[in-house]
S.K.: 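Take this structure, written in C-alpha cells, and hold onto it; I'll ask about it next.
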Amino acid sequence: MTTFMIQTVKGTRDILPADMPLWLRVEAVAREAFRRYGCSEIRTPIFEKTELFARGVGEATDIVHKEMYTFIDKDSDQTSLTLRPENTASVVRAYIQHKMYNDKAQGEVTKLYYIGQMFRRERPQAGRYRQFYQIGVEVLGHDDPAIEAEVIEMLDWMLKELKITDTTLLINSVGDATSRPAYLEKLRAAAAQQLDKFCDDCKHRYETNALRMFDCKNPNCQALIADLPTITDSLDDASAQHFADFKAHLDARGIAYTVNPRMVRGLDYYTRTAFEIIGGSLGAQNTIVGGGRYDGLSETIGGPPAKGFGFAFGLDRMVLSIPPDEAERLRTASAADVFIVYLGEAAREKSFLIARELRSAGLSVALEFEERKMKKAMAQANKFHARYALIIGDNEIATGMYGLKNMTTGEQESLDLESIKSKLLGG
RNA sequence: GCGGGUAUAGCUCAGUUGGUUAGAGCGCCAGAUUGUGGCUCUGGAGGCCGUCGGUUCGAGACCGACUACUCGCCCCA
C-alpha cells in the first residue's frame, strides 16, 4: 500500500463483510424489539438546518460548540446546514412538522424508532468514531413514568438477546424546567466557595456546565464534589414523585438499577429522568445507551408543548460489546445451504442450471466459477460454512443421482434433484 | 483543541548492546496414489522494515521531521 492511496477519512471506517453478521444481528434484534413494543420506523434527513441542532441540542454543548460538521449551502440565502450529530431533534422536528399528534386519541403516545449514522467531529478513540451509528427510540405525547420503565425493559430484553450481560443501568433525575435552574444556582454557589481548589477542567465546567463537574475523574475534585449538593436532594415535589414512580415501575419489572445522583447528561434538553447503560468491556467510552426525558424540546425548536422520552444506543459500541463466543457463533453461522462441487466441463454447465433451480426454490447456493480439484472444492465448501456439499460429476449427470454430503456429520447419500430440494428445504 | 503509544509479510506479531541472504504463527499456493473438507506432516510464494532527512565504516534497530494509525483527556453513543 502506498502513501498515495486514498483511504478512509479519519474517524470513519469500512464495515467489512466479516463483521456484518454482528451488525445485522444487532439491527435484527432491535427491529424485533420494536415490533414487539409497537414502535414505528422513521427516517429523517442526514442533514438539517444548523439552527435545529443549535437550538435543540443546546448552544453551550460541546456537540454544537465544536463538533458539528457544518457547511454553507449553495442557495441564495447561504443557508447553514449540518450533518446530524444526533437524531432526537430531527425526530421531534418531524413529529411537529407533520402534526403527528393530531390524529392521536387523548393520552395516546407516538413511538418512533430510527437506525442511522450520525456525525461528530471529535478525536477518534476506542468506541468513538466521527461517523457512527445509532439506533434510537422516541416516545412522544405523554410523560407517564411507566413509559420510561417500559422503554428500559425493552433495552433490557435486547441486551439479553445479544448475550451482553456485563452492563449496569444508571438512573437519575435532573429536575424540570424550574427546579433545574434553581439547583444549578445552588450548586454554583456552593462550588464557588472553594473554586480555586478544583482542577482547571472543573473551573471551566463551572462556567459552562456546572453539572458536569460531577463527572470529573480527578480524585481531588471527587473529594470536593462529595460535599456539593446533589440534584436529587433539590427536586421539586412533582419531579420527586415522578422519579419515585419511575423506580417503582422498574422494581415491579425486576430490573436492577443504580441511582447515581451525580450522573448528568450532556445534552441541554433533558428533564427529569435520565439514564445510561454502561458496559464493562469498552475502554474509556463505556456508555452503550444514553437517554432520558425531554419535555421542553418541542417548544425549544418552535413547536407546541410535547412530552418526550427516548434513548439512543451506539451501534458501534453495541457490536463491540457482543461477547467473543457469541460473536464467533454469529460469524460462522451457515452462510450457504449448499455448496456445489463439480468435476469436468459438462458438470460445470449442469451446475449452473441446478444452482438456478435450487435458488428459485429459495435456497442459498454457493458455487465457484473456476474448476478446482475435488479436494480443494470440498475445502472451499468447508470454508463457506455450507451445510451441505452437492457433488456433480459425469456419473451423476448420467444417472441423475447426485451426491449430497452433510458437512457437519460427514454423511453422504445419493439422491435425485427433487429429493435433494425437499431435503434442503426441510432443513 | 491537548497528552501518551505504535508503524516489519494479506492478518497478529518477534527481531538480542547497531554487524552477512529479515523471522514465527495464522492465511494463501503446491504436495502426502485415482472423485471427498475439518486434524496432521512436507515444501513454496509473499517485505524498499510508513515517508523523508541525519548520526555511523555499517541503521529494521539510534536521532529529527512529516504522515498515518491507536489509546487517553475534553465531551459523548
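Each chain gets a letter, A, B and so on, in the order the sequences are listed, and its residues count up from 1.
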S.K.: Tell me: CG of A/Asn395 to P of B/rU34, nearest whole Å?
M.R.: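 The distance from CG of A/Asn395 to P of B/rU34 comes to 16 Å, rounded to the nearest Å.
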
S.K.: Just call it for A/Tyr129: base, sugar-phosphate, or nothing, with non-hydrogen atoms closer than 4.0 Å on any strand.
M.R.: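 Base, at least one base atom sits under 4.0 Å.
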
S.K.: Can you tell which of B/rG31, B/rC76, B/rG38 lies closest to the side chain of A/Lys373?
M.R.: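 So the nucleotide nearest the side chain must be B/rG31.
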
S.K.: Taking atom P in both B/rG58 and B/rU21, what distance in whole Å separates the two?
M.R.: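 About 15 Å, rounded to a whole number of Å.
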
S.K.: For the side chain of A/Arg205 and the base of B/rC75, is some donor closer than 3.5 Å to an acceptor across the two?
M.R.: no

S.K.: Under 4.0 Å between a side-chain N or O of A/Lys383 and OP1 or OP2 of B/rG37?
M.R.: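 False: A/Lys383 side-chain N/O out of range (4.0 Å or more) of B/rG37 OP1/OP2.
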
S.K.: Can you check whether any acceptor in the base of B/rC75 is under 3.5 Å from a donor in the side chain of A/Arg128, or vice versa?
M.R.: yes

S.K.: Suppose you measure atom P in B/rA22 against the same atom in B/rC48; what distance do you get, rounded to whole Å?
M.R.: 12 Å

S.K.: The side chain of A/Arg317 is closest to which nucleotide in this list: B/rG72, B/rU36, B/rA77?
M.R.: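 So the side chain of A/Arg317 is nearest to B/rA77.
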
S.K.: Say you pick atom C1' in B/rG4 and the same atom in B/rG43; how far apart are they, in whole Å?
M.R.: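 My reading of the C1' atoms in B/rG4 and B/rG43 gives 45 Å.
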
S.K.: Among B/rC75, B/rC76, B/rC2, which is the nearest nucleotide to the side chain of A/Glu67?
M.R.: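 Looking only at heavy atoms from C-beta outward on A/Glu67, the closest nucleotide is B/rC75.
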
S.K.: Work out how far the C1' atom of B/rA30 is from that of B/rA68, and round it to whole angstrom.
M.R.: 37 Å

S.K.: Contact class for A/Gln285 (heavy atom, under 4.0 Å): base, sugar-phosphate, or nothing?
M.R.: base

S.K.: For A/Lys376 and B/rG31, give me the distance from atom NZ to atom P, rounded to whole Å.
M.R.: 10 Å

S.K.: So for A/Gln125 and B/rU70, does any side-chain atom that can act as donor or acceptor lie under 3.5 Å from a complementary atom in the base?
M.R.: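 Such a pair does not exist between side chain and base.
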
S.K.: Taking only the side-chain heavy atoms of A/Ile391 (C-beta and beyond), determine which of B/rC73, B/rG35, B/rC74 contains the nearest atom.
M.R.: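 Nearest to the side-chain atoms of A/Ile391, counting from C-beta on, is B/rG35.
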
S.K.: For the C1' atoms, the ones on B/rG27 and on B/rU36, what distance do you get once it is rounded to whole angstrom?
M.R.: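 23 Å, rounded to whole Å.
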
S.K.: With a 4.0 Å cut-off on heavy atoms, is A/Gln380 in touch with a base, just the backbone sugar-phosphate, or nothing at all?
M.R.: nothing

S.K.: At 4.0 Å (heavy atoms only), tell me whether A/Gly127 reaches a base, stays on the sugar-phosphate, or touches nothing.
M.R.: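 The residue A/Gly127 makes base contact.
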
S.K.: Do side-chain atoms of A/Arg84 reach the backbone of A/Thr44 as a donor and acceptor pair under 3.5 angstrom?
M.R.: yes

S.K.: Sticking with atom P, work out how far B/rC63 lies from B/rA7, rounded to a whole angstrom.
M.R.: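 It comes out at 12 Å once rounded to the nearest Å.
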
S.K.: Is there a donor N/O on one and an acceptor N/O on the other, under 3.5 Å, for the side chain of A/Lys66 and the base of B/rC74?
M.R.: yes

S.K.: Could you tell me the Watson-Crick or G-U partner of B/rG1, where both distances fall under 3.5 Å? Say none if there is no partner.
M.R.: B/rC73

S.K.: Starting at the 5' end of RNA chain B, which residue's closest nucleotide do you reach first, A/Phe313 or A/Lys375?
M.R.: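 Taking each residue's closest nucleotide, the earlier one in sequence belongs to A/Lys375.
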
S.K.: So, A/Arg36 side chain and A/Arg31 main chain: donor-acceptor pair closer than 3.5 Å or not?
M.R.: no

S.K.: Quick check: on RNA chain B, is the nucleotide nearest A/Tyr133 upstream (toward 5') of the one nearest A/Ala284, or the reverse? Name the residue that is more 5'.
M.R.: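 Nearest nucleotide further toward 5': that of A/Ala284.
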
S.K.: The side chain of A/Arg123 is closest to which nucleotide in this list: B/rG38, B/rG1, B/rC69?
M.R.: B/rG1

S.K.: For the side chain of A/Asp394 and the backbone of A/Ala347, is there at least one donor-acceptor N/O pair under 3.5 Å apart?
M.R.: no

S.K.: For residues A/Tyr37 and A/Trp157, establish whether the separation of their ring centroids is below 6.0 Å.
M.R.: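 Aromatic pair excluded; centres sit 6.0 Å or further apart.
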
S.K.: So A/Ser321, base contact, sugar-phosphate only, or nothing? Heavy-atom distance under 4.0 Å.
M.R.: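 It contacts nothing in the nucleic acid.
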
S.K.: What's the shortest heavy-atom distance between A/Asp337 and A/Leu424, and which atoms?
M.R.: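 Minimum heavy-atom contact is O-CD2, 4.5 Å.
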
S.K.: Under 3.5 Å for both donor-acceptor distances, Watson-Crick or wobble: does B/rU67 have a partner, and if so which one?
M.R.: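 By the stated definition (distances under 3.5 Å), B/rA7 pairs with B/rU67.
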
S.K.: Would you classify A/Val341 as touching base, sugar-phosphate or nothing, given that sugar-phosphate means primed atoms plus P, OP1 and OP2, and contacts are heavy atoms under 4.0 Å?
M.R.: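 Result for A/Val341 = nothing.
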
S.K.: Would you mind reporting whether A/Val341 and A/Met378 have side-chain heavy atoms less than 4.5 Å apart?
M.R.: yes

S.K.: Classify the side chain of A/Glu396 versus the base of B/rG35 as yes if they form a donor-acceptor pair under 3.5 Å and no if they do not.
M.R.: yes

S.K.: Tell me the partner of B/rG23, counting only Watson-Crick (N1-N3 plus N6-O4 or O6-N4) or G-U wobble (N1-O2 and O6-N3) with both under 3.5 Å; none if nothing fits.
M.R.: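 Looking at the geometry, B/rG23 pairs with B/rC13.
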
S.K.: Rounding to a whole Å, what distance do you find between A/Met407:CE and B/rC39:P?
M.R.: 12 Å

S.K.: Answer with base, sugar-phosphate or nothing: what part of the nucleic acid does A/Gly410 contact at a heavy-atom distance below 4.0 Å?
M.R.: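 The residue A/Gly410 makes base contact.
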
S.K.: Is any N or O donor-acceptor pair between the side chain of A/Lys405 and the base of B/rU36 shorter than 3.5 Å?
M.R.: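 Result: at least one qualifying N/O pair found.
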
S.K.: In the structure shown, which nucleotide is the Watson-Crick or G-U wobble counterpart of B/rG18, with both distances under 3.5 Å?
M.R.: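 By the stated definition (distances under 3.5 Å), nothing pairs with B/rG18.
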
S.K.: What nucleic acid atoms does A/Ala381 come within less than 4.0 Å of, heavy atoms only: base, sugar-phosphate, or nothing?
M.R.: nothing

S.K.: Could you give the distance separating B/rG38 and B/rU33 at their P atoms, to the nearest angstrom?
M.R.: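 Straight-line distance between the two P atoms is 14 Å.
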
S.K.: When you compare B/rG25 with B/rG44, how far apart are their P atoms, in angstrom units rounded to a whole number?
M.R.: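 Approximately 12 Å lies between the P atom of B/rG25 and that of B/rG44.
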
S.K.: Checking the side chain of A/Arg130 only, and the main-chain atoms of A/Glu122 only, is there a donor and an acceptor separated by less than 3.5 Å?
M.R.: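 Such a contact is found between A/Arg130 side chain and A/Glu122 backbone.
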
S.K.: Any side-chain heavy-atom pair from A/Arg293 and A/Tyr270 closer than 4.5 angstrom?
M.R.: no

